[in-house]
2 protein chains.
Amino acid sequence: MTISEVSEKYGLSADTLRYYEKAGLIPQVRRRESGIRDYSEADCGWVEFIKCMRGAGLSIETLVEYVNLYQKGKRTERKRRNLLVAERDRLKAKMEEMAKTLERLNYKIKVYDTKILSCEKDLLARKE
Amino acid sequence: MTISEVSEKYGLSADTLRYYEKAGLIPQVRRRESGIRDYSEADCGWVEFIKCMRGAGLSIETLVEYVNLYQKGKRTERKRRNLLVAERDRLKAKMEEMAKTLERLNYKIKVYDTKILSCEKDLLARKE
DNA sequence: GTTTGACTTGGATTTAACTCAAAGTAATAT
DNA sequence: ATATTACTTTGAGTTAAATCCAAGTCAAAC
């Protein structure tokens, strides 16, 4: 797959894909003799994984570390696991914070709805 | 309350508090004759509200708009309500995305745990 | 066979949200 | 009274994460 196909498929610009690769967010993609990137299934898997993790707010720095460990082989499994656990916990905490804010927003909206409703009632009453 | 007290109370730097005020994220704080900010209860309420909303990822731009509407009075209630609904929906969507990623992380961790466990078993077996 | 379009690299620019620095004034502690 | 601390303003610098640009190469369509 060419970079533009991958870009299309995952909704990431070619610039971003090259940037991710250069930064070490995904392993080096193999090239044709001409030097053009040819994304394998595995490469696409990485792109998708990284897109997903970035979408949840994991930092590039952290993900680079994960990929680094991955490339060092089986010896690093425990470290990788621990890195994921730490990120999982951070994500969970963030979601809990957001859940509280969501509730707060819902409450505020309800208050506004009552306010607006009572205001409309007033207007109607005045019409009679 | 002085700026440093508010800073302490909410864990936002004095710089950030001044920045928020200047940017219109919170209404103008009243000053003493000397020109020093003197945060009222209401001001603190705003600071806390903004901190909470920023923590959930609402943009400064959006919050500035909300505060602007608020300062224009009752006439803007419906607009404020609609703004909050839009942000609530965005937040909800974000949380759903994050929930999926959380599940994915949990699954990956589980896979690592099995891998690591089976590796340890191997080592033990070899000892005998 | 030349024009078009996709690709390459490396470096510069952008954006959001702070964060810091410089230069100066005012209040407080000793 | 003087030294320290907290505050003021304006404007510059920082950070993360892209995103864009320039200059150039290559393959393919017409």
Side-chain angles (χ1 to χ4, degrees), chain A residues 1-26 28-40 43-44 46-68 87 90-91 94 97-98 101, chain B residues 1-26 28-40 43 46-67 87 90-91 94 97-98 101:
Chain A
M1 269 187 133
T2 69
I3 201 170
S4 62
E5 285 167 334
V6 177
S7 163
E8 172 75 12
K9 186 167 182 186
Y10 296 108
L12 295 170
S13 74
D15 264 326
T16 299
L17 286 170
R18 283 188 287 260
Y19 163 66
Y20 278 2
E21 183 179 341
K22 204 168 169 186
L25 261 171
I26 56 171
Q28 298 275 339
V29 175
R30 259 202 317 142
R31 314 295 184 97
R32 300 201 204 139
E33 299 86 68
S34 55
I36 290 177
R37 288 175 181 78
D38 186 10
Y39 287 78
S40 69
D43 292 327
C44 287
W46 275 105
V47 169
E48 193 276 331
F49 173 68
I50 290 301
K51 185 191 162 139
C52 175
M53 294 301 139
R54 288 287 306 126
L58 277 72
S59 75
I60 285 189
E61 202 186 354
T62 306
L63 293 168
V64 166
E65 203 191 331
Y66 181 76
V67 176
N68 273 339
E87 291 308 306
R90 283 162 49 85
L91 182 55
K94 192 77 197 164
E97 187 190 351
M98 286 164 85
T101 304
Chain B
M1 268 187 132
T2 69
I3 200 170
S4 62
E5 286 167 333
V6 178
S7 163
E8 171 75 13
K9 185 167 182 185
Y10 295 108
L12 296 169
S13 74
D15 264 326
T16 299
L17 287 170
R18 282 188 287 259
Y19 164 67
Y20 278 2
E21 184 178 342
K22 203 169 171 186
L25 261 172
I26 56 172
Q28 298 275 339
V29 175
R30 260 201 318 141
R31 315 296 185 95
R32 300 200 203 139
E33 298 87 69
S34 56
I36 290 178
R37 288 176 181 77
D38 186 12
Y39 288 77
S40 68
D43 292 327
W46 275 105
V47 169
E48 194 275 331
F49 173 67
I50 290 301
K51 186 191 161 139
C52 175
M53 294 302 139
R54 288 285 307 126
L58 276 71
S59 75
I60 285 188
E61 202 187 353
T62 305
L63 294 168
V64 166
E65 202 191 332
Y66 181 77
V67 176
E87 290 308 307
R90 283 163 48 83
L91 182 56
K94 192 77 198 166
E97 187 190 352
M98 286 165 84
T101 304

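These numbers come from a predicted model, not from an experiment.
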If you restrict it to nitrogen or oxygen atoms, what contacts under 3.5 Å exist between nucleotides 10-17 of chain D and the protein, and what is each distance?
| from | atom 1 | to | atom 2 | distance (Å) |
| --- | --- | --- | --- | --- |
| D:dA17 | O3' | A:R54 | NH2 | 3.4 |

Euclidean distance, atom [atom1] of residue [X] to atom [atom2] of [N] [Å, nearest integer]:
{"X": "B:L17", "N": "D:dT9", "atom1": "CG", "atom2": "P", "answer": "13 Å"}
{"X": "A:I3", "N": "D:dC26", "atom1": "CD1", "atom2": "P", "answer": "18 Å"}
{"X": "B:I36", "N": "D:dT5", "atom1": "CD1", "atom2": "C1'", "answer": "11 Å"}

Practice task
Just call it for B:R31: base, sugar-phosphate, or nothing, with non-hydrogen atoms closer than 4.0 Å on any strand.
Solution key: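 Sugar-phosphate: the residue B:R31, judged by heavy atoms under 4.0 Å, touches backbone atoms but no base.
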Taking all non-hydrogen atoms of both residues, which atom of [X] and which atom of [Y] are closest, and how far apart?
{"X": "A:D43", "Y": "A:Q28", "answer": "OD1-O, 4.4 Å"}
{"X": "A:K51", "Y": "A:Y10", "answer": "NZ-O, 2.5 Å"}
{"X": "B:T101", "Y": "A:C52", "answer": "OG1-SG, 3.4 Å"}
{"X": "A:D38", "Y": "A:M1", "answer": "OD1-N, 2.7 Å"}
{"X": "A:V29", "Y": "A:Y39", "answer": "CG2-CE2, 3.5 Å"}

Exercise for the section: Could you check B:Y20 against B:R54 for side chain to side chain contact (heavy atoms under 4.5 Å, CB included), going step by step and ending with a plain yes or no? Expected result: CA-CA 11 Å; B:Y20 278 2; B:R54 288 285 307 126; 3.9 Å; yes
Practice task
Output yes when at least one side-chain N/O atom of B:R18 is less than 4.0 Å from OP1 or OP2 of D:dT9, else no.
Solution key: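 No, outside the criterion.
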Exercise for the section: Give a yes or no on whether A:E97 atom CD has more than 12 heavy-atom contacts from other residues, nucleotides or ligands under 6.0 Å away. Expected result: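 Correct, the count exceeds 12.
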Practice task
At the 4.0 Å heavy-atom cut-off to chain B, mark where contacts on DNA chain C begin and end, going 5' to 3'.
Solution key: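 From 5' to 3', the first and last contacting nucleotides are C:dA17 to C:dA27.
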Practice task
I would like to know whether A:R18 and A:E21 meet salt bridge (Lys or Arg N to Asp or Glu O under 4.0 Å); could you show each step before the answer?
Solution key: CA-CA 5 Å; A:R18 283 188 287 260; A:E21 183 179 341; over 6 Å; no
